[in-house]
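To start, the structure under review is shown below, and the notes come after it.
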Amino acid sequence: MQDHVTPRRVVILGGGFAGLFAARALRKSPVAVTVVDRRAHHLFQPLLYQCASGILSEGQIAQPLRGVLRRHHNVRCVLAEATDVDAGARLVHARRPDGGVLVLPYDELILAVGMRQSYFGHDEFAAHAPGMKTLDDALDIRRRIYRAFEMAETATNDRERERWLTFALVGAGPTGVELAGQIREIAGHTLDREFRSIDSAQARVLLFEGSEAVLGAFGPQLARRAARTLQHLGVELHLGTTVTDIDDHGLTVRDGDGRTTRFGARTVLWTAGVEAPPIAAALARATGAKQDRAGRILVEPDLTVPGHPEIRVTGDVMSLNRLPGLAEVAMQSGAYAGRMVRHQVEGRTRKPKPFKYIDLGSAAYIARGRAVVKAGPLHLSGFTGWLVWLFIHLAFLTGFRSRLGAVLSWSVAFATGSRRERAFTLPDTDASATRGPTAPPPG
């Protein structure tokens with residue numbers, strides 16, 4: 001009798017696309033949903049680079065998680081980071097921002113934590129080359145980009161000026177390509193005639209990629225078009241190269257013939273590689289689930305963990321049929337996991353159909369009026385691709401305010417080349433590091 005009185009407890013770890021769509025699928029179900037996330041906002045991650053480059057503000061790509069789910073009266077939001085799972089007792093252990101510990105019991109568990117930046121075993125690179133996975137990352141990159149031009153303006157010699165005006169990006173997937181194009185637009189259009197000692201258009205943007213193509217996942221045809229567009233913008237492509245070292249003054253790379261080359265650059269950005277967060281490994285230990293090389297958890301066709309039908313893994317952190325780490329995969333898998341829980345609660349005994357991903361395509365923005373889109377046999381580039389890119393991102397932005405604000409910001413940026421969101425701050429430690437030693441007080 002108690003089971004009919006007490007609603008089933010569903011814990012969702014992660015408030016990204018997968019977690020949000022899982023919670024939405026459970027809106028009208030007789031369950032008690034707890035969404036656990038280390039941040040209090042839902043982030044539209046595909047547009048992080050536009051926040052980093054100054055086109056969009058933080059509020060246009062990030063919405064308060066509680067606000068997004070405010071009409072879901074069976075959903076509770078918890079600000080904490082999941083650290084461990086006790087699969088036998090069906091408990092999630094989590095840590096609050098102040099260090100306090102939470103223990104959350106569950107009847108159904110949905111893992112939707114996404115992936116984090118990977119440095120392929122060189123975590124020491126992170127201090128010199130930030131990735132772009134979070135809102136903090138985007139704001140840090142914005143600070144580094146615009147600070148570089150300011151520092152070049154007051155550089156004391158040509159060598160120092162050249163290093164500040166050189167931007168190196170590691171990884172030529174969508175994020176690297178998009179960010180490289182944005183920096184070239186900033187240098188050539190946004191900052192045009194704003195400086196007196198430097199010509200911002202002379203800034204170099206270097207894009208390093210281990211494979212022989214940019215946007216390799218888009219296929220050879222679109223990859224070639226993207227490469228031509230980047231080169232037309234002035235981006236220098238270094239394909240077939242591996243980064244071997246990074247410091248505050250540049251990076252060292254090795255090409256396919258084993259030759260090493262040093263590039264001076266005061267701004268290095270990392271846009272290559274992802275890995276699963278620690279909670280994925282904790283869940284694997286607790287359940288005996290297998291993980292792939294990046295730490296993703298191998299799941300059954302219905303997204304459950306083998307031997308644990310009460311645990312489902314969704315989004316980027318799941319490994320199934322080599323599905324890519326795209327927002328659309330996260331949305332569809334999250335919604336599927338939520339529906340499966342709802343059907344189970346409703347007593348539907350029929351065996352669930354396996355998860356089937358409907359490929360709606362991939363898109364990458366390169367510059368104003370230029371994008372590439374791949375949707376099945378449809379391959380688009382140039383202005384047509386850009387229009388499709390625009391429609392796709394407007395369709396999925398969360399909230400009317402975000403859509404309206406994005407349209408206004410894009411209209412200004414695309415029509416004039418200017419960017420409204422260029423403000424950045426310099427922490428005291430950062431400012432002192434760039435100033436050099438402080439002169440002794442007089443007297």
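One is the number of the first residue; the rest follow in order along the sequence.
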TODO: Would you please test F208 and L251 for side-chain contact (heavy atoms from CB on, under 4.5 Å) and show each step?
DONE: CA-CA 11 Å; F208 298 90; L251 72 169; 4.0 Å; yes
Task: Heavy-atom side-chain proximity of E58 to H41 below 4.5 angstrom - done: no
Open item on the list: Test your reading of the model: is there a side-chain donor-acceptor pair from E81 to the backbone of A94, 3.5 Å cut-off?
Closed with: no
Open item on the list: I'd like to know if the side chain of R204 and the backbone of E236 have a donor-acceptor N/O pair within less than 3.5 Å.
Closed with: no
Task: Ring geometry between Y365 and Y49 (parallel below 30°, tilted from 30 to 60°, perpendicular above 60°) - done: tilted
Open item on the list: Going by side-chain contact (heavy atoms from CB on, under 4.5 Å), L13 matches just one of L111, I110, L104. Which one?
Closed with: L111
Task: T83 side chain reached by P278 side chain, heavy atoms, under 4.5 Å - done: no
Task: S57 backbone acceptor or donor facing Q60 side chain under 3.5 Å - done: yes
- [ ] Run the ring-centre check on H379 versus F218 and record whether the distance is less than 6.0 Å.
- [x] no
TODO: Report yes or no: does Q63 contribute a side-chain atom to a donor-acceptor pair with the main-chain N or O of G59 at less than 3.5 Å?
DONE: yes
Task: Pair Q182, E178: side-chain N/O donor-acceptor within cut-off below 3.5 Å - done: no
Open item on the list: Whether the R296 and S319 side chains hold a donor-acceptor pair (N or O, under 3.5 Å, no angle test) is what I'd like checked.
Closed with: no
Open item on the list: side-chain contact (heavy atoms from CB on, under 4.5 Å), that's the test. Do V373 and L378 meet it? Break it down for me.
Closed with: CA-CA 8 Å; V373 176; L378 184 65; 5.9 Å; no
Open item on the list: For V31, is there any backbone N or O sitting under 3.5 Å from a side-chain donor or acceptor partner on S29?
Closed with: no
Open item on the list: Hydrogens and angles aside, do D136 and T134 bring a side-chain donor and acceptor to less than 3.5 Å of each other?
Closed with: no
TODO: Check whether the side chains of D248 and H128 place a donor and an acceptor atom closer than 3.5 Å, and report yes or no.
DONE: yes
Task: R339 to Y336, cation-pi by 6.0 Å centre distance and 45° axis angle - done: no
Open item on the list: Test your reading of the model: is there a side-chain donor-acceptor pair from E209 to the backbone of S211, 3.5 Å cut-off?
Closed with: yes
TODO: Give a yes/no verdict on a cation-pi contact between R370 and W386, requiring under 6.0 Å between NZ or CZ and the six-membered ring centre and an angle within 45° of the axis.
DONE: no
Open item on the list: Is there a side-chain contact between F125 and V243 in this structure, where contact means two heavy atoms from C-beta onward sitting under 4.5 Å apart?
Closed with: yes
TODO: Answer yes or no: is there a side-chain heavy-atom contact under 4.5 Å between D292 and L298?
DONE: yes
Open item on the list: My understanding is that only one of R90, R342, R8 makes a salt bridge (charged side-chain N to carboxylate O under 4.0 Å, His left out) with E108; could you say which?
Closed with: R8
Open item on the list: Is any side-chain heavy atom of I183 closer than 4.5 Å to one of L169?
Closed with: yes
Open item on the list: Tell me whether R422 at atom CZ has more than 12 heavy atoms from other residues, nucleotides or ligands lying less than 6.0 Å away.
Closed with: yes
TODO: Please check if any side-chain donor atom of R254 sits under 3.5 Å from a side-chain acceptor atom of T244, or the reverse.
DONE: no
- [ ] May I ask you to test the D107-V10 pair for a side-chain heavy-atom distance under 4.5 Å?
- [x] no
Open item on the list: Donor-acceptor pair, distance only, cut-off 3.5 Å: does the side chain of E275 make one with the backbone of M115?
Closed with: no
Open item on the list: Between Y119 and W270 (judged by ring centroids, cut-off 6.0 Å), do the two rings come close enough to count as a pair?
Closed with: yes
Open item on the list: Looking only at side-chain N and O atoms, does R419 offer a donor or acceptor that is under 3.5 Å from a partner on S53?
Closed with: yes
Open item on the list: Go through it in stages, so that I can follow the logic: the residues are F263 and H238, the test is ring pair (Phe, Tyr, Trp, His ring centres under 6.0 Å), and I'd like the CA-CA distance, side-chain angles, deciding distance and then a yes or no.
Closed with: CA-CA 11 Å; F263 293 88; H238 297 268; 5.0 Å; yes
Task: Residues R39 and D37 bridged, charged N to O under 4.0 Å - done: no
